[in-house]
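Structure first, commentary second.
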Number of protein chains: 2
Amino acid sequence: MIENGASNEATDTADPYAAVLRPVRSGNTFEETVEKVLQLIRLGLVPVGDRLPPERELADRLQISRVTLREALKVLQDAGVLEVRRGRYGGAFVLAPAPTPAAASGGAALRRRAEQLGDRLEDTLLFRQVLELGAAELCAARRPQGVEAERLQLLLAETGAASLEEYRRLDTRLHLAIAELSGSASVAAQYAAVRATVNELLDCIPLLTPNLQHSQRQHEELIDAILAGDQTRARVAMREHLAGTAALLRGFLS
Amino acid sequence: MIENGASNEATDTADPYAAVLRPVRSGNTFEETVEKVLQLIRLGLVPVGDRLPPERELADRLQISRVTLREALKVLQDAGVLEVRRGRYGGAFVLAPAPTPAAASGGAALRRRAEQLGDRLEDTLLFRQVLELGAAELCAARRPQGVEAERLQLLLAETGAASLEEYRRLDTRLHLAIAELSGSASVAAQYAAVRATVNELLDCIPLLTPNLQHSQRQHEELIDAILAGDQTRARVAMREHLAGTAALLRGFLS
DNA sequence: CTTTAAAGGTATGGCCTTGTACCATTGGAA
DNA sequence: TTCCAATGGTACAAGGCCATACCTTTAAAG
């Protein structure tokens with residue numbers, strides 16, 4: 001006498017549990033920690049030459065033991081991503097990435113990355129769009145004022161004045177700031193994760209000055225709409241901005 | 001000689017790492033597993049009286065050992081959420097929730113839950129909105145056809161024909177289906193998690209027939225817009241639909 | 001030059017989690 | 001009635017992760 005009648009409904013086609021029954025953890029603690037630290041670097045939150053927060057603080061904030069954190073740092077050190085110095089004023093410093101023939105390869109590196117992602121590439125781009133459009137709209141709805149508005153304007157100005165090398169890092173910061181000003185920590189956290197993946201792809205293709213100028217004009221329109229509290233305009237501006245990036249990626253992938 | 005110049009920029013006001021440096025894991029494996037199983041139940045994916053998938057399958061899909069899964073099931077069994085029977089055709093069956101004085105209490109239980117969530121309440125509602133609006137728009141953009149369109153129409157019809165007791169479960173399934181048809185597994189997974197939390201709150205307040213009818217009219221408009229491929233209309237319809245729920249919750253919370 | 005505070009480096013014991021194999025129970029099928 | 005396959009129940013050893021305490025190094029401060 002198994003009362004299974006109620007469950008045999010419209011969802012029988014697909015796996016009804018698919019959205020819930022995913023891996024509880026995407027790897028062991030140490031692997032996830034490596035990813036977190038790489039996120040800090042890929043997002044440009046810790047620029048090349050700067051150092052990470054002290055081990056004790058990192059372990060504390062990631063809620064892991066220092067032992068496990070150190071294993072992760074060890075791997076990144078061996079990989080040439082970090083340089084660790086002892087003593088006071090020491091720490092883990094971010095090294096310049098090895099000069100890979102990425103940008104000049106005409107998209108070969110990008111295709112490799114995209115293949116590694118597989119099905120998750122489409123997922124990543126769609127999820128990014130949902131988060132980014134939602135963040136822009138929420139941010140506009142809150143209509144930042146005072147220090148928050150000034151922060152956006154400062155980031156906008158810095159991004160506009162950035163060199164080609166700095167642009168992607170400052171662009172990331174501007175977008176992340178919008179996500180944070182959405183008022184939802186979850187939106188900000190998920191965006192940070194997804195943007196780190198996107199940056200990994202973007203770092204495989206060259207950035208051109210015309211693209212940059214076009215992008216910056218869109219930034220100005222976006223921030224203007226946000227500060228005016230115009231949700232619809234903010235969303236439209238963000239959508240156009242994202243369309244540019246998506247077209248860029250698709251162009252190199254096809 | 002610490003090269004810290006580049007990092008002292010506009011983001012100094014807030015914690016620049018806040019979006020990344022969050023706990024790697026929100027508890028031990030066993031706790032997260034309990035949450036996952038509760039999600040299955042709160043979302044109505046496994047209705048009262050039905051049984052969960054076998055332990056071996058659950059452990060497999062959650063990527064945890066059977067031992068750990070069993071610890072989680074043991075807790076839920078002791079809490080009176082599950083009844084476990086041995087032998088062939090046995091399994092873990094979902095029991096009816098204890099008749100708490102929830103709905104009749106005029107919002108006391110809701111306030112308690114909301115207090116437990118604390119700051120995460122606002123986060124949850126905002127994150128839900130971002131996901132749900134984004135999912136509706138993406139779903140409309142894909143313009144489901146064939147079996148997908150039929151599935152939506154069937155779920156819509158079932159939800160419309162549902163009794164008061166069944167309504168919330170079928171409503172959840174309809175929304176989850178839209179999230180799945182967004183084409184992004186991340187959107188679906190995040191929505192499932194956030195909706196489980198929202199349901200926990202909604203289960204504290206009574207559902208009235210007028211609300212239900214109003215809600216169903218909005219469902220019809222929403223599905224109509226999605227099947228027509230009208231992204232803007234889908235988004236507007238979803239926004240109005242969510243406004244109703246939000247107003248309901250805020251009404252009971254103030 | 002000595003001191004000192006802040007940082008990384010190391011060691012130990014215990015709990016959590018896993019993989020694997022096997023046992024026990026049960027209701028339907030033969 | 002007997003058998004069997006699906007399901008939950010148990011045991012054990014190995015590895016992962018953690019809290020804690022303590023050691024070592026370094027460069028600025030005095």
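In what follows, chains carry the letters A, B, and so on, assigned in the order in which the sequence lines appear, proteins first and then strands, with residues in each chain numbered from 1.
Although no hydrogens or angles enter the test, the distance criterion places a donor-acceptor pair under 3.5 Å between the side chain of A/E31 and the main chain of A/N28.
The aromatic rings of A/Y191 and A/H175 sit parallel to each other, their planes meeting at less than 30°, with 60° as the upper class boundary.
Atom CG in A/D60 sits roughly 13 Å away from atom P in C/dG8 (whole-Å rounding). For the pair B/F93 CZ and D/dG8 C1', the computed distance is 12 Å after rounding to whole Å. Distance, B/L82 CG to D/dT7 P: 16 Å, rounded to whole Å. Here the C1' atom of nucleotide C/dT10 and the CZ atom of A/R70 are 8 Å apart, to the nearest Å.
Residues passing the salt bridge (charged side-chain N to carboxylate O under 4.0 Å, His left out) test with B/R66, sequence neighbours excluded: B/E55. For B/D119, the salt bridge (charged side-chain N to carboxylate O under 4.0 Å, His left out) criterion is met by no residue, not counting sequence neighbours. For B/R25, the salt bridge (charged side-chain N to carboxylate O under 4.0 Å, His left out) partners at least two apart in sequence or on another chain are A/E32. Partners of A/E200 under the salt bridge (charged side-chain N to carboxylate O under 4.0 Å, His left out) rule, at least two apart in sequence or in another chain, are A/R42, A/R113.
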Could you list the protein-to-nucleotides 2-6 of chain C atom pairs, N/O on both sides, closer than 3.5 Å?
| unit_1 | atom_1 | unit_2 | atom_2 | d |
| --- | --- | --- | --- | --- |
| C/dA5 | O4' | A/R88 | NH1 | 3.3 |
| C/dA6 | O4' | A/R88 | NE | 3.2 |
| C/dA6 | N3 | A/R88 | N | 3.4 |

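In terms of phosphate contacts, B/R85 brings no side-chain nitrogen or oxygen within less than 4.0 Å of OP1 or OP2 of C/dT26.
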- [ ] Scan nucleotides 13-23 of chain D nucleotide by nucleotide, 5' to 3', and note B when protein non-hydrogen atoms come under 4.0 Å of the base, S if they reach only the sugar-phosphate, - if neither.
- [x] ----SBB--B-

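Between A/V24 and B/T33, the shortest heavy-atom contact is CG2-OG1, 4.1 Å.
Here B/R56 does not pair with B/D60 in a salt bridge; the nearest charged N to carboxylate O distance is not below 4.0 Å.
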